[in-house]
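Presented below is the structure to which this report refers.
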Amino acid sequence: MKKILLIILVCFLYAQGLFAQRYLSDTFTAADSLVNIAYGSAPNYQHKTQTLLLDFYEPRGDKTSKRPLIIYVHGGGFVEGTRKWASVRLMCEKLAMKGYAVASIDYRLDPTVNVFQSDTNRRPITDAMHDLKAAIRFFKANQNKYRIDTANIVTGGESAGAITAMAAAYVDKLSEVKNYKKTNPNTVDGNSGNPGYSTRPKAVMCLCGIGDTLAMERPSDPPMLWIHGSKDPMLPIEWGQQVVTRAKNIGLPYEAIVFKGATHCPWYFGLPNWRSYLDSTVNYVANYLYYKGFAFGDKEVFAKVKPIAEKYQILPLNAVKPTGWLKQQVQDNLDGFTGHLDSLVPDLILKDDIYNKDRLTRKVKSKDVGAQGGGGGNNENEDNSWQVQFLWWNSETQSNWRDGYIRSAILANDKEHLSRIAKYIKGILATQDADGYLGIYDKELRYKFDQENGELWSKATLLRGLLAWYDYTKDKTVLTAIIRAVDNVMINWPVNKSHPFLAMKPDVSGLSHGLMFTDVLESLYHLTGNQKYMDYVLFMYKDFSEQVINEDAQYRKLLNADLLLRGHGVHTYEHLRTVAAAYYASGSPKLKQALHNFLEKVILATTASGAPVGDEWVLGRKADATKRGYEYCSLQELLHSYASLYAKSGENDYGDKIEKLFFNAAQGARHPSQSCIAYLKSDNSYAMEGWLNLDSADKHQVRYKYSPVHQDAAVCCVPNAGRIAPYYIQNMWMKSGNSLVASLLGPSTVNTTISGKPVSVKEVTEYPYSNSISFIITANGNFTLKIRKPEWVSKYTVSLMHTEEDGFIVISKNWKGTEMVKVDFAPEVKVNQDINNETYFTYGALVLAHPIAAKEIKGKSFPLAGFNDYRYEPENLEVLQYSGAPVKVAGNDKFTTSLYNPVTKQTETVTLQPIGSTILRQTTFKQK
C-alpha cells in the first residue's frame, strides 16, 4: 500500500509540474536575489553624482538560458521611496516565482518639489525616466550575465513608478520632453549610463498611475496594462482613466482593471487586505504579460496544427509566354525603362557594387540612394536622421529592377538582354562567400543587428531574380547557390532561438520588407518539397508579430477587425502573402481569422480601379478616388499577394481582383505613349504636377508625375513597374491534378505536362479589350481544361460541351491532336458604387473614365534620348456628377453618357474610355 501511495504521489507531483504553466503559475517555490547592483549614475537635484542601484530577482534553480525581464519602479511621489520597500520586494519575488527575471530599481528623487501640485518643475519625472531607460540599457549590455531575452523586456511600476514607466514607454520625441520643465539633459534617453541600446519596452504596466496622453500616439506604441483603485485619493481614478480613453481612441492595445472601493496602491504592505490585493495584482500582471504583453499564449497560434495543401500549382516562369498586347508591353518595357534603368541611374546600379566590393560596413556613413528630394510630405522641421536607414536601399533598387528585367527578357526571348543577364548571374554568384552568404553586409555587421537593416530584404529581392533565372535555365549551380544562401540565414538566425525582426525603433523599412524572404522560402519549398522552408516562414511571421514595430500585418493587430490599416502601404500589401503562407504552413484557426480580417481591411483600402491606397502610408483612412493616391510598388505587391492566395485557395474571386488591378490601376499609372510611370496616382487624377491633384500645400511632394526614374523621390516604383506584367503572365495558367487552369485571361501560350503528357494551349485574344477568346489545344489524352469565368460575366457561349463549377467553365474530355475551344463573353456597361457611394462605370473587365484635356509640361531629360519626366495641368477642369443617364457603347473603346456640370448647371454629353488610356481623368462621380 505504501508503494502504491508513493507511486500516486509521484504521479501527482509530476502531473502538477507538467501542467503548471511557466509565467502563469508559481512554477518555482522561491526566488533568489542579487542586491545593490550599480546600473548607472547621474547628477541628483543637488548636482551631486548619484550611483543608481537595483536589486535583481530570479527563479531559484532556473536553468533557462534567456528569461523575459520585468523592470519594476517603486512609488513615492518622486520625493521618497526605495526599491527595498516590503511591498515592492514581495511583488518582485512573486513575479520571479512565476518564471520571470525581475529588477527593482532606485532612481533620482527630489524632496524639494511636488510635481503633482505644480508643473513649473517636472524635472524629477524626466530624471526618473532617464534612469529607467539606463536600466533597460544596462540589461541589454549585460544580457548574457543575467540571461535576459532582450526582445522581451517590460517596464512598470506603482504610483510615481507608473508615471515613470509610462514616460519611458511613450515619450519618444524631443518635443514631448520639452513639456517637462527644467529637464537636464534635454534629451529623450538621458545620460544615466549604458548608451547605445534601444530603450523601448515590449509593454508597460501602469499601476495606480497616470501618463502623458499626448505622448501616446500610435496603435504600435507599447501595449498597456492599467490597474487602479476606484477610491484612490492621491491620483483620482478620473485622472488615470485619461490614458485608457486615449489608448482606446488611437487603437493602442490595453487592458484596464479597476479595484472597486480600493485606495491608492492597495497592495502596500500594512494596508487593509494588502495580501489579497498583492496576490490579485501579481496574477493580473502575469496573465496580461503571458497573453498580451509578451503574447506567450500566441505560441499556440503559430503551432503547426495541420498544414493545408495548396489547391493549384504555379507553373515555372518560362512555361507561360505572352502574346498580343501583353507581349508588346513586355517588349516596350525592355525597350524602355526596364531595359535601360541601369543607364538612366548608373550611380545607383552600375557604380554601387553593394553585393560585392561595396558591401556595407560600420565605416559607411552615407550613400547615394536615389532619394534626392526627401519629398512625400516630410515636415521641414522634422528630424531626418531616419534617412540613414536607407543605406541598404540600392540593393532594393538593383535587385527589384533585375528581377523584372530578367523575367521580361525571358518572356520576350530577347537574345541581347539574355546575354547581358547571363554575365550578371555569373558575376553575382562569384560574390558568394565560402559559408554561403550572399548579401550586402561585411562580416562585422551581418546578423548582428538590433535596429533597421536590409539583411533579409536584400536577399529576398536578389534571390527572386535568381529563382526566375533558374526557372529558365534549370542550371543546378544557380539553385545550389540559392539553397546555400538560405541555409546561411537559417544557421545564423535559427528557428525560435533568434529575433531577425528586433528593432531599436518602431519605424522600420528594410527590416519589415525582409519578411518577404517568404517568397524565396516558398519557392524553395515548391522546388524541393523540404518542409524546413515553410517552418521558417512560420517562425519569421511569429517573430515579426512579437516585435514592437509599426506594421499592420502583425497578428494581434489583425485580430482587431475594427483597426483600419495604417502602415506604409507597400509593406502592408506584400505582407498579406506572408500571413497567408503562415496560415497554410500551420493550419492554425487563429491565423485563418487573422488572414480573413486582413483581407477585409484591404477591401476598405481599395479604390474603384482595384488599387490599394497608400501615399505612401495608409494612415487609418479608407479608399477615396480623389483624396487618396496609390503607389506603383503597392500595385505590384498586392497583385503578387493575390496571386499567391489564388494558388493556395483556388478561389475564383482572386482572379477578378488581379485582373481589375492589372488592367485598370496598373495600366492607368503607366504613361499611354511614353516610357515612364506615375510613382503615385489617383483614380480621379485632376492634375499631375508633383502633388496630389490641385493641392500644392505640400511643396515636398513630387511623386504625382510621370518619370522613367523618379530619382527625386525614390527609384523603387519604376523597377516594380517592370515586374508587374511578368508576375501577371506567370500566373495566367496554373495546374491542379489532372486539370489545366486558365486562371487569368489574356493573350498567351502555355506549354506544360498533364499526367506526364505534353500539353500546349494558345490563348488567342486581345482580352480585356476584346471579349472573344479562342483556346487552341494541342494534346493527346484525358485532362480537364478549366477557364475562369470573370465575375462580371452573366452571358457567354462556349463552342464545346462544358459544365460550370465554382466560377469556372469546365471542359473534360479526351483531347486528340489540335482542337479549338471558342469562348465569347457578352459584356454590358455596369453602373457601380465605390465604398464612398460614388458612381463608376465598367465594361467587362475595364473601368471607364472621363478623360480631362491637359497641358503637357516636359521636365527633366536623361542621357538616353527619348526619356523624360512629364507633368500635366488641366486645361479646364470641370468635376462632373452622375444623374442617372445610360452609358452607350460608341465603338473602339469609346463610350458616351450624359453627366451634370454643377458649375454651368447643365447636362453635358461626354466621352468615357478605359482608364488605362488616360492621363488626367475623372473616374468616380458623385450623385447629382
Side-chain angles (χ1 to χ4, degrees), residues 64-66 140 143-144 147-152 299 302-304 307 354-356 359-362 392 395 399 428-467 470 476-503 508 510-547 578 581-582 585-586:
T64 305
S65 60
K66 287 187 176 183
K140 289 192 173 183
Q143 57 183 291
N144 293 331
R147 291 186 285 148
I148 302 302
D149 179 358
T150 57
N152 285 312
K299 290 180 179 179
F302 301 101
K304 288 173 64 175
I354 194 170
Y355 287 95
N356 191 17
R359 283 177 173 172
L360 296 172
T361 72
R362 296 187 189 279
W392 51 263
S395 67
S399 293
I428 200 70
L429 293 186
T431 71
Q432 189 162 34
D433 290 353
D435 63 356
Y437 182 84
L438 268 176
I440 63 173
Y441 293 101
D442 204 359
K443 290 182 179 179
E444 64 178 351
L445 277 180
R446 64 185 67 158
Y447 305 120
K448 300 173 183 177
F449 310 102
D450 63 353
Q451 57 185 326
E452 173 66 22
N453 71 81
E455 185 69 274
L456 288 177
W457 182 225
S458 63
K459 296 178 189 296
T461 53
L462 172 71
L463 297 180
R464 288 188 302 209
L466 295 184
L467 283 162
Y470 172 73
K476 290 295 179 63
T477 60
V478 176
L479 181 60
T480 299
I482 296 169
I483 291 173
R484 291 181 64 225
V486 172
D487 286 347
N488 179 260
V489 171
M490 297 170 74
I491 290 169
N492 284 280
W493 273 330
V495 170
N496 297 327
K497 296 180 181 179
S498 60
H499 299 290
F501 295 98
L502 179 65
V508 291
L511 181 76
S512 54
H513 267 312
L515 189 60
M516 299 329 300
F517 198 62
T518 297
D519 295 337
V520 178
L521 294 165
E522 283 202 287
S523 293
L524 285 182
Y525 171 68
H526 293 146
L527 288 168
T528 68
N530 194 326
Q531 188 62 42
K532 73 176 184 179
Y533 298 119
M534 296 311 297
D535 291 343
Y536 205 80
V537 168
L538 195 58
F539 155 67
M540 286 200 312
Y541 182 57
K542 176 178 179 291
D543 186 63
F544 170 85
S545 291
E546 289 176 347
Q547 303 310 322
T578 295
S586 67

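Of the inter-residue distances, the one linking Leu462 atom CG with Thr431 atom OG1 reads 7.5 Å to the nearest 0.5 angstrom. Within the model, atoms OG1 of Thr461 and CD1 of Ile440 stand 8.0 Å from one another, a figure rounded to the nearest 0.5 Å. For the atom pair CG (Leu521) and NZ (Lys532), the distance works out to 10.0 Å, reported to the nearest 0.5 Å. To the nearest 0.5 Å, atoms CG (Leu360) and CD (Glu455) are separated by 10.0 Å. Taking CG of Leu524 as the start and CG of Leu467 as the end, the distance is 6.0 Å to the nearest 0.5 Å. Between the OG1 atom of Thr477 and the CD1 atom of Ile482 there is a distance of 9.5 Å, given to the nearest 0.5 Å.
Side chain of Tyr441 to main chain of Gly454: a donor-acceptor pair is present (N/O by atom type, distance under 3.5 Å, no hydrogens or angles). Glu444 places a side-chain N or O within 3.5 Å of a backbone atom of Arg362 that can act as its donor or acceptor partner. Judged by distance alone, with hydrogens and angles left aside, the side-chain atoms of Tyr355 form a donor-acceptor pair with the main-chain N or O of Ser458 at under 3.5 Å. In this structure, the side chain of Gln143 engages the main chain of Lys140 through a donor-acceptor pair within 3.5 Å. With Lys459 contributing its side chain and Leu438 its backbone, the two residues share a donor-acceptor pair below 3.5 Å.
Counting heavy atoms from C-beta on, the side chains of Asn453 and Tyr447 never come closer than 4.5 Å. In this structure, the side chains of Asp543 and Pro500 come closer than 4.5 Å at one or more pairs of heavy atoms. Asp535 is listed as a side-chain neighbour of Lys304, based on a closest heavy-atom distance under 4.5 Å. Proximity of His499 to Asp149: side-chain heavy atoms (C-beta onward) are separated by under 4.5 Å at one or more points. Counting heavy atoms from C-beta on, the side chains of Val508 and Gln547 never come closer than 4.5 Å. Counting only heavy atoms from C-beta outward, the side chains of Gln531 and Tyr525 approach each other to under 4.5 Å.
Closest heavy-atom contact between Gly510 and Trp392: N-CZ2, 3.1 Å. Taking every heavy atom of both residues into account, Val537 and Ala582 meet most closely at CG1-N, 4.2 Å. Of all non-hydrogen atoms in Leu511 and Ala503, the two that sit nearest each other are CD2-CB, 3.5 Å. Leu466 approaches Val478 most closely through the heavy-atom pair O-CG1, 3.5 Å. In terms of heavy atoms, Thr518 sits closest to Thr578 at OG1-OG1, 2.9 Å.
Of the residues Tyr541, Phe544, Phe517, Trp493, the one that meets the ring-ring contact (aromatic ring centres under 6.0 Å, His included) test with Phe501 is Phe544.
Considering only residues two or more places apart in sequence or on other chains, Asp433 meets the side-chain contact (heavy atoms from CB on, under 4.5 Å) condition with Arg359, Asp435, Tyr437, Lys443, Arg446. In this view, Phe539 and Tyr536 satisfy the ring-ring contact (aromatic ring centres under 6.0 Å, His included) rule, not counting sequence neighbours.
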